[in-house]
Amino acid sequence: MLTSICGINWGDEGKGRMVDLLSEKFDIVCRYQGGNNAGHTVINDKGRFILNLLPSGILREDVVNVMGPGMVIDIKHLCGEIEKLREGGIKISPKNLKISDKAIITMPYNVLQDVMEEDRLTKATGKPYGSTRRGIAPVYADKYMKKAFRMGELLNLALLYKRLPDIVEWKNLTIKAYGFEPVTVEAMKEYFETYGKPLADYVCDVGIYLNEANKAGKNIMFEAQLGALRDIDFGIVPYTSSSSTIAAYAPIGAGVPNLKLNNSIGIMKAYSSCVGAGPFTCEYFGDKAEKLRELGGEYGAATGRPRRVGPFDVVASRYGIRCQGADEIALTKLDVLSGYEEIEICTHYTLDGKVIDEFPFTDVLDECKPVFEKVKGWNCDISKCRKAGDLPKAALDYIKLLEKLCGCKIKYVSVGAERDAYIEM
Ligand code: GDP
Ligand code: MG
């Protein structure tokens, strides 16, 4: 069984918590794209954990975790993340963590590039991309320029060091043009020595491992970072991530392009949130936004930034479901809407006075206006509900309405951040 778990919206839908929950039925969890710009918060019996690079299955002892070739890995950050989890009592060894030899290494100068460019953009245009400043776009650019380093190179540093001086020289052309201090070959060698060497034992051809596991009938889950609207091809350009967050990419990014997904579970939030810049048509402002942000605790897991919020967006979510090819939905954070007598839904957009049902070419999003409709709220605590029958009628009606408007079955509903706070419909 090969299942992908992907975000339907702008990210932060609660993918981490759903992977943590659903991974019970899986033997292997793979991350297949992105880097430490991800922030998954998982709360379970062992405590509260924030995962940036490690797959969320790392918190279950019998799950093997794979970091695929589609990822970009900041090795310093990964060493720190492993250390922190170990302090929290999580066991991590090459037995339960396998890193693709083809995954790309995020370099310190990529982080510098990200900062330099966001600052330049801010000064030049007042409109930065809202990057997490963790070097993700520059390192993916290096990958496509064929000037990046791969995790497999950690196994033969002498060979890597032959390539290093020319790449440093090439990178310094850019850094100097921004007016910053060039980086040195020595500093980069130190980066590999300090943070690369301890990871070498985890590096392997994960494709061999995953194919054998699949043949043996193991259940494999592919965990996405971010949502459909942040996908490099299908998202809101340029406010996207720099990788493919789409389910169809999962087998490639995980190292098994020969395998086909059996199903795709889309994680969709009961309302909307968005980190960073760019158009966000259904956005609330002022007191309305403040209330929803507080109720939902909408502050970034990776950065602490307050997230922009709004009601559920049917137009964007339907597009997200299509991009992800979602077979079923896990609807998260329904409990957050418990404090409302009436709940708004963004059912349509209008553009130049015309009603829009389909998510448009993203350049016109700035001109789109949201159309809000109101439905009855339940206005009572639902966080203790564990089966559909426990839910008040208005909450069930809300779920059914989203199902109908989005055209996809809602299989799970979460009503709290804890592992067991969910309902299987
Ligand atoms: P991810 O990036 O998609 O994994 O999501 P994040 O972890 O960034 O954001 C989701 C946040 O909502 C986290 O703080 C979770 O602990 C929290 N959360 C997840 N599911 C629920 C839920 O059903 N109810 C509530 N109240 N919080 C939830
Ligand atoms: Mg997140």
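All values reported here derive from a predicted model rather than from experimental measurement. In listed order, ligands and their atoms are each counted from 1.
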Ignoring hydrogens and angles, write down the donor-acceptor pairs under 3.5 Å from the side chains of residues 356-373, residues two or more places apart or on other chains.
residue, atom, partner, partner atom, Å
Asp357, OD1, His348, NE2, 3.2
Glu373, OE2, Thr347, OG1, 3.1

Listed pairs under 3.5 Å, donor-acceptor, residues 72-91 side chains, sequence neighbours left out:
residue, atom, partner, partner atom, Å
Asp74, OD1, Lys76, N, 3.1
Asp74, OD1, His77, N, 3.0
Asp74, OD1, Tyr191, OH, 3.3
His77, ND1, Asn36, ND2, 3.3
His77, NE2, Asn52, OD1, 2.9
Glu81, OE1, Asn52, N, 3.4
Glu81, OE1, Leu53, N, 3.0
Glu81, OE2, Asn52, N, 3.0
Glu81, OE2, Leu53, N, 3.1
Glu81, OE2, Leu54, N, 3.0
Arg86, NH2, Ile92, O, 2.7
Arg86, NH2, Tyr202, OH, 3.0

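The closest protein non-hydrogen atom to atom 16 (O) of ligand 1 is Ala417 CB, 3.4 Å. Atom 7 (O) of ligand 1 has Thr41 N, 2.8 Å as its closest protein atom, hydrogens excluded (heavy atom only). The closest protein non-hydrogen atom to atom 24 (N) of ligand 1 is Asp335 OD1, 2.7 Å. Ranking the protein heavy atoms by distance from atom 19 (C) of ligand 1 puts Arg17 CG, 3.4 Å first. When hydrogens are left out, the protein atom nearest atom 27 (N) of ligand 1 is Lys333 CE, 3.4 Å; that is the closest non-hydrogen contact. Nearest non-hydrogen protein atom to atom 5 (O) of ligand 1 is Gly14 N, 3.2 Å. Atom 1 (P) of ligand 1 has as its closest protein heavy atom His40 ND1, 3.3 Å.
With sequence neighbours excluded, no residue forms a salt bridge (Lys or Arg N to Asp or Glu O under 4.0 Å) with Lys384.
For Gly416, the heavy-atom gap to ligand 1 drops under 4.0 angstrom.
Remark: Arg31 does not engage Glu223 in a salt bridge, criterion side-chain N to carboxylate O under 4.0 Å. The pair Lys411-Asp327 fails the salt-bridge criterion, with no side-chain N (NZ, NE, NH1 or NH2) lying under 4.0 Å from an Asp/Glu carboxylate O. In this structure, Arg293 pairs ionically with Glu290, as a charged nitrogen and a carboxylate oxygen lie closer than 4.0 Å. Salt bridge status for Asp397 with Lys393: present, with a side-chain N to carboxylate O gap under 4.0 Å. Between Lys46 and Asp20 there is no salt bridge, since none of the side-chain N atoms of the basic residue sits less than 4.0 Å from a carboxylate O of the acidic one. The existence of a salt bridge linking Asp101 and Arg150 is excluded, since no basic side-chain nitrogen approaches an acidic carboxylate oxygen closer than 4.0 Å.
Looking at Ser273, Gly11, Gly39, Gly16 and measuring to atom 2 (O) of ligand 1, the nearest heavy atom belongs to Gly39. With distances taken over non-hydrogen atoms, the option nearest atom 9 (O) of ligand 1 out of Glu418, Arg419, Arg307 is Arg307.
Shown in contact with Ser414 at under 4.0 Å from a heavy atom are these atoms of ligand 1, numbered in order with element: 20 (N), 21 (C), 22 (C), 23 (O).
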Check your understanding: Run the salt bridge (Lys or Arg N to Asp or Glu O under 4.0 Å) check on Glu344 and Lys288 step by step: do they pass?
Key -> CA-CA 11 Å; Glu344 282 186 321; Lys288 252 178 157 178; 3.1 Å; yes

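The only option from Ser272, Ser317, Ser273 that meets the side-chain hydrogen bond (donor to acceptor under 3.5 Å, both in side chains) definition with Asn9 turns out to be Ser317.
For the Mg ion (ligand 2), protein N, O or S atoms closer than 2.8 Å were enumerated as Asp12 OD1, Gly39 O, with waters left out.
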